[in-house]
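When a ligand or atom number is given, it counts from 1 through the structure's own listing order.
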Amino acid sequence: MFEALQDQPKDKILALMALYRADPRDSKIDLGVGVYKNAQGITPVMGAVKTAEARLVQTQESKSYVGLTGDPAFADVMVELILGDAVAREQIAHAATPGGTGAIRQAFELVKMASPDATIWMSNPTWPNHPSIAKYLGMNVADYRYFDEATGGVDFDGMCADLKQAKRGDLVLLHGCCHNPTGANLTLEQVCKVASIVKTTGATALVDIAYQGFGDGLNDDAAATRVYASEIDEVLIAASCSKNFGIYRERTGILFAIARDAGTKDRAQATLAYLNRQNFSFPPDHGARVVTTILEDAELRSAWLSELEATRQGMLDLRTQLADELRRLTNSDRFDFLAVHRGMFSRLGLSPEIVEQLRDDHAVYMVGDSRINIAGLNAQTVPVLAAAIAGAKI
Ligand code: LMR
């Protein structure tokens, strides 16, 4: 039967990863997939993670199954990390998932069960796997305006106008912080306006938060999610620990469903457990336990926070350096937005032809829509990238 299988659409981020690996040039620069790299080009295991893992090896007595929705202690620490006290704990159903992607998938499936004709509203642009998963599940997708190519900021009027078209039974997908792929984010005032629009439509919101701690700091990065969670009637939250704990391959994520009353919360909780059972049974535990160990221990938590803060600061420094260098070389403020954007990514606003030219002539790898991963740079490669961009006919 396998001969009946069709070629599947390629994921453009993962396809780029393969192209980069195959390039023999020593000078190559990887600004593709969203993985943090330090100045030496290494994605390190964080110190707190190593300590927590060592502790687990010493103390863990069983690797038997936990529960379909994971360890409740993991859910508790993640609620505290993401939501603080913005929402009463009794309102929150949860399920641990294989990474943030697993949480997105479960969220879409839950929505499909509850509202089979739902339209999922996504920012234009968004992480390419969002529409890919929705389409795979046979769900309707619509765009709302988001990125303003001319300014490198948010087209807020367009966004608001489009979101008003969402309906009860639809899902509005919002980025919690550090918008992927653009790097352009809403102010808190704008977040409040979006929350009020979505609430008025009666649609359910899904907040994807995968980069908490990479933008303005752990709490500031959670601020938008907290507003959405407390203002909008029904909210799903898909969170990832891949980036802020640097545990990409452990597949550590969680999905929250915030309901307005105990009855619907229980129904959401039972559905999340059912969906986990159908799709993969028990969620991965190791990464979740590492995160719980760190967040429950004051010393480990503070070590983790310092390392996360240094990571964030390093990315901000690279942003400033790149914006300065481009201002100098292009004699214009065209790329000043780089210093305003937050998170790992910025969309540069270069044409696909220029992106290809940068790859062919300079071994600079960025996603075709000109998204760069800031953390793929270091102090030595920033001037190389800036010179390549300034030298291209943009
Ligand atoms: C990215 O956008 O590069 C990351 O979220 C990694 C991925 O899985 O695509």
Side-chain angles (χ1 to χ4, degrees), residues 8-21 28-38 41-44 82 97-108 122-136 141 146-147 173-185 206-215 221 225 237-255 280 283-284 287 308 311-312 315 318-319 341-348 350 352 355 359 364-377:
Q8 303 303 333
K10 279 214 165 43
D11 181 291
K12 60 183 182 181
I13 298 172
L14 303 187
L16 188 73
M17 231 167 131
L19 274 183
Y20 174 81
R21 283 191 181 144
K28 62 186 177 179
I29 302 176
D30 180 13
L31 308 179
V33 70
V35 170
Y36 171 75
K37 293 196 201 110
N38 64 17
I42 294 177
T43 306
I82 297 165
T97 53
T101 309
I104 298 282
R105 168 69 186 263
Q106 300 299 69
F108 287 178
M122 300 183 184
S123 64
N124 182 11
T126 191
W127 183 48
N129 213 20
H130 286 149
S132 178
I133 297 173
K135 286 177 188 155
Y136 170 70
V141 173
Y146 187 81
F147 191 57
L173 174 46
L174 300 159
H175 294 229
C177 63
C178 306
H179 186 267
N180 180 6
T182 67
N185 295 291
L206 166 60
V207 185
D208 183 354
I209 178 158
Y211 298 91
Q212 188 184 357
F214 273 28
D221 289 350
T225 305
I237 298 173
S240 167
C241 300
S242 297
K243 279 87 182 182
N244 50 8
F245 288 84
I247 50 173
Y248 304 83
R249 65 175 74 154
E250 300 299 349
R251 309 314 296 138
T252 307
I254 195 159
L255 177 63
F280 46 79
L308 180 61
T311 302
R312 184 180 81 82
M315 287 189 287
L318 289 166
R319 286 189 172 282
H341 284 177
R342 285 294 178 271
M344 288 188 110
F345 306 117
S346 271
R347 187 187 256 206
L348 294 178
L350 306 175
V355 169
R359 195 165 71 218
V364 170
Y365 284 75
M366 63 181 76
V367 184
D369 63 0
S370 74
R371 183 192 85 167
I372 59 167
N373 170 14
I374 293 288
L377 291 165

Could you give the distance from [atom1] ([X]) to [atom2] ([Y]), rounded to the nearest 0.5 Å?
{"X": "M315", "Y": "Y36", "atom1": "CE", "atom2": "OH", "result": "7.0 Å"}
{"X": "R251", "Y": "C241", "atom1": "CZ", "atom2": "SG", "result": "10.5 Å"}
{"X": "D208", "Y": "H179", "atom1": "CG", "atom2": "NE2", "result": "9.5 Å"}
{"X": "C177", "Y": "Q212", "atom1": "SG", "atom2": "CD", "result": "6.5 Å"}

Could you tell me the residue and atom name of the protein heavy atom closest to [atom], and the distance to it rounded to 0.1 Å?
{"atom": "atom 6 (C) of ligand 1", "answer": "V33 CG2, 3.8 Å"}
{"atom": "atom 8 (O) of ligand 1", "answer": "W127 CZ2, 3.6 Å"}
{"atom": "atom 3 (O) of ligand 1", "answer": "G34 N, 2.7 Å"}

Checklist entry - Going by heavy atoms, is I13 under 4.0 Å from ligand 1? => result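 In this structure, I13 qualifies as a contact of ligand 1 - some heavy atom is under 4.0 Å.
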Checklist entry - Does an N or O from G32, backbone or side chain, lie closer than 3.5 Å to an N or O of ligand 1? => result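 By distance alone, the answer is no.
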Item to check | ligand 1 atoms in contact with Y211 (distance to a heavy atom under 4.0 Å) | outcome: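 Listed by number with element, the hits are 4 (C), 5 (O).
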Next on the checklist: Need the ligand 1 atom indices (1-based, order shown) with element for anything under 4.0 Å from a heavy-atom of R371.
Outcome noted: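 Numbered from 1, ligand 1 contributes 1 (C), 2 (O), 3 (O).
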Next on the checklist: I'd like to know if the side chain of R359 reaches the main chain of Y365, judged simply by a donor and an acceptor atom lying under 3.5 Å from each other, with no hydrogens or angles considered.
Outcome noted: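 Side chain of R359 to backbone of Y365, a donor-acceptor pair under 3.5 Å: no, none is there.
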Ligand 1 versus [X]: contacting region, heavy-atom distance under 4.0 Å:
{"X": "T101", "result": "neither"}
{"X": "K243", "result": "side chain"}
{"X": "K12", "result": "neither"}
{"X": "Y248", "result": "neither"}

Checklist entry - Any cation-pi pair here, K28 with Y20, using under 6.0 Å and within 45°? => result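 Cation-pi check for K28 and Y20: passes.
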Checklist entry - What pair of heavy atoms forms the shortest contact from R371 to D369, and how long is it? => result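 What the structure gives for the nearest pair is N-OD1, 2.9 Å.
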Checklist entry - If you look at every heavy atom in H341 and S346, which pair is closest and at what distance? => result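 Scanning both residues completely, I find the closest heavy atoms to be ND1-OG, 2.7 Å.
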